[in-house]
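First comes the structure, then the notes that go with it.
Values reported hereafter were calculated over all heavy atoms of this structure, with side chains retained and with hydrogens, waters and symmetry mates removed.
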Amino acid sequence: MADQTQMLKGILDGCLLAIIKEGEIYGYELAAKLESYGFTSFSEGTIYPLLLRMQKEKLVAATLRKSTAGPKRKYYSLTEKGEQELVLFQERWNQLSKTVNNVLKKGEM
């Protein structure tokens with residue numbers, strides 16, 4: 001599992017940006033969405049430091065809103081810079097996955 005976590009570390013930012021692009025979302029919802037897509041090795045505790053860094057880099061904006069249960073929640077939305085970063089991530093991901101798939105397919109021959 002640690003190997004998978006290490007591989008996913010660089011990919012998680014792009015996945016978070018893609019999920020946030022769908023609409024405002026708070027940390028727990030992000031963790032649940034990641035899990036629904038098959039990312040089972042990440043928790044809210046893993047996500048919040050990434051969101052904080054992304055906020056400092058102005059990729060996401062955060063807004064505190066009242067919650068129906070408990071304290072206020074911090075909702076995240078994509079900034080224009082975040083949208084641009086997501087496009088770059090998608091381009092890099094497409095190229096990387098194509099390259100890795102080429103190598104793996106070559107090994108099957």
Side-chain angles (χ1 to χ4, degrees):
M1 192 61 81
D3 293 338
Q4 182 183 14
T5 302
Q6 190 63 32
M7 285 179 70
L8 292 174
K9 209 172 193 179
I11 296 168
L12 195 55
D13 283 7
C15 292
L16 289 174
L17 290 174
I19 292 170
I20 295 169
K21 184 179 173 140
E22 296 172 9
E24 280 191 328
I25 190 167
Y26 61 95
Y28 179 79
E29 283 181 310
L30 270 169
K33 279 228 180 188
L34 283 172
E35 188 173 331
S36 75
Y37 287 121
F39 290 94
T40 55
S41 59
F42 291 101
S43 67
E44 291 173 75
T46 305
I47 293 169
Y48 286 116
L50 297 175
L51 290 170
L52 184 59
R53 181 181 46 75
M54 293 167 114
Q55 194 177 348
K56 286 180 181 177
E57 293 174 0
K58 301 194 182 330
L59 300 175
V60 298
T63 306
L64 281 176
R65 295 237 172 85
K66 285 185 180 179
S67 170
T68 54
K72 291 182 177 181
R73 290 183 176 149
K74 192 181 276 192
Y75 283 81
Y76 297 91
S77 59
L78 222 52
T79 63
E80 189 176 319
K81 184 177 179 183
E83 288 189 31
Q84 293 168 354
E85 183 60 32
L86 177 57
V87 169
L88 290 173
F89 170 79
Q90 289 169 321
E91 290 170 357
R92 291 187 303 256
W93 173 253
N94 288 336
Q95 183 58 49
L96 178 62
S97 62
K98 180 180 172 184
T99 302
V100 170
N101 284 330
N102 286 340
V103 171
L104 294 177
K105 288 176 185 173
K106 191 82 163 168
E108 292 176 359
M109 294 179 172

Nearest non-hydrogen partners of L34 and C15, listed with the distance: CD2-CB, 4.4 Å
Heavy-atom side-chain contact between M54 and L17 under 4.5 Å: yes
Test: ring-ring contact (aromatic ring centres under 6.0 Å, His included). Region: residues 59-86. Which pairs qualify, not counting sequence neighbours? Y26-Y75
Heavy-atom neighbours of E80 CD exceed 12 at 6.0 Å: no
To the nearest 0.5 Å, what is the distance between CD1 (I11) and CH2 (W93)? 4.0 Å
Please round to the nearest 0.5 Å and tell me the distance separating atom CG of L30 and atom CD1 of I20. 5.0 Å
Does E29 form a salt bridge (Lys or Arg N to Asp or Glu O under 4.0 Å) with R73? I'd like the steps, not just the answer. CA-CA 11 Å; E29 283 181 310; R73 290 183 176 149; over 6 Å; no
Output for pair (L12 CG, L16 CG), nearest 0.5 Å, gives 4.5 Å
Show me the donor-acceptor pairs within less than 3.5 Å that the side chains of residues 56-65 make with the rest of the protein, sequence neighbours left out.
unit_1, atom_1, unit_2, atom_2, d
E57, OE1, R53, NH1, 3.4
E57, OE2, R53, NH1, 3.4
R65, NH1, E24, OE1, 2.5
R65, NH2, E24, OE1, 3.2
R65, NH2, E24, OE2, 3.3

Side-chain heavy atoms of E85 within contact of L88, under 4.5 Å: yes
Supply the atom-to-atom distance I19 CD1 to L78 CG, rounded to the nearest 0.5 angstrom. 11.5 Å
How long is the span from the NZ atom in K33 to the OH atom in Y28, to the nearest 0.5 Å? 14.0 Å
With a 3.5 Å cut-off and no angle check, do the side chains of T99 and Q95 form a donor-acceptor pair? yes
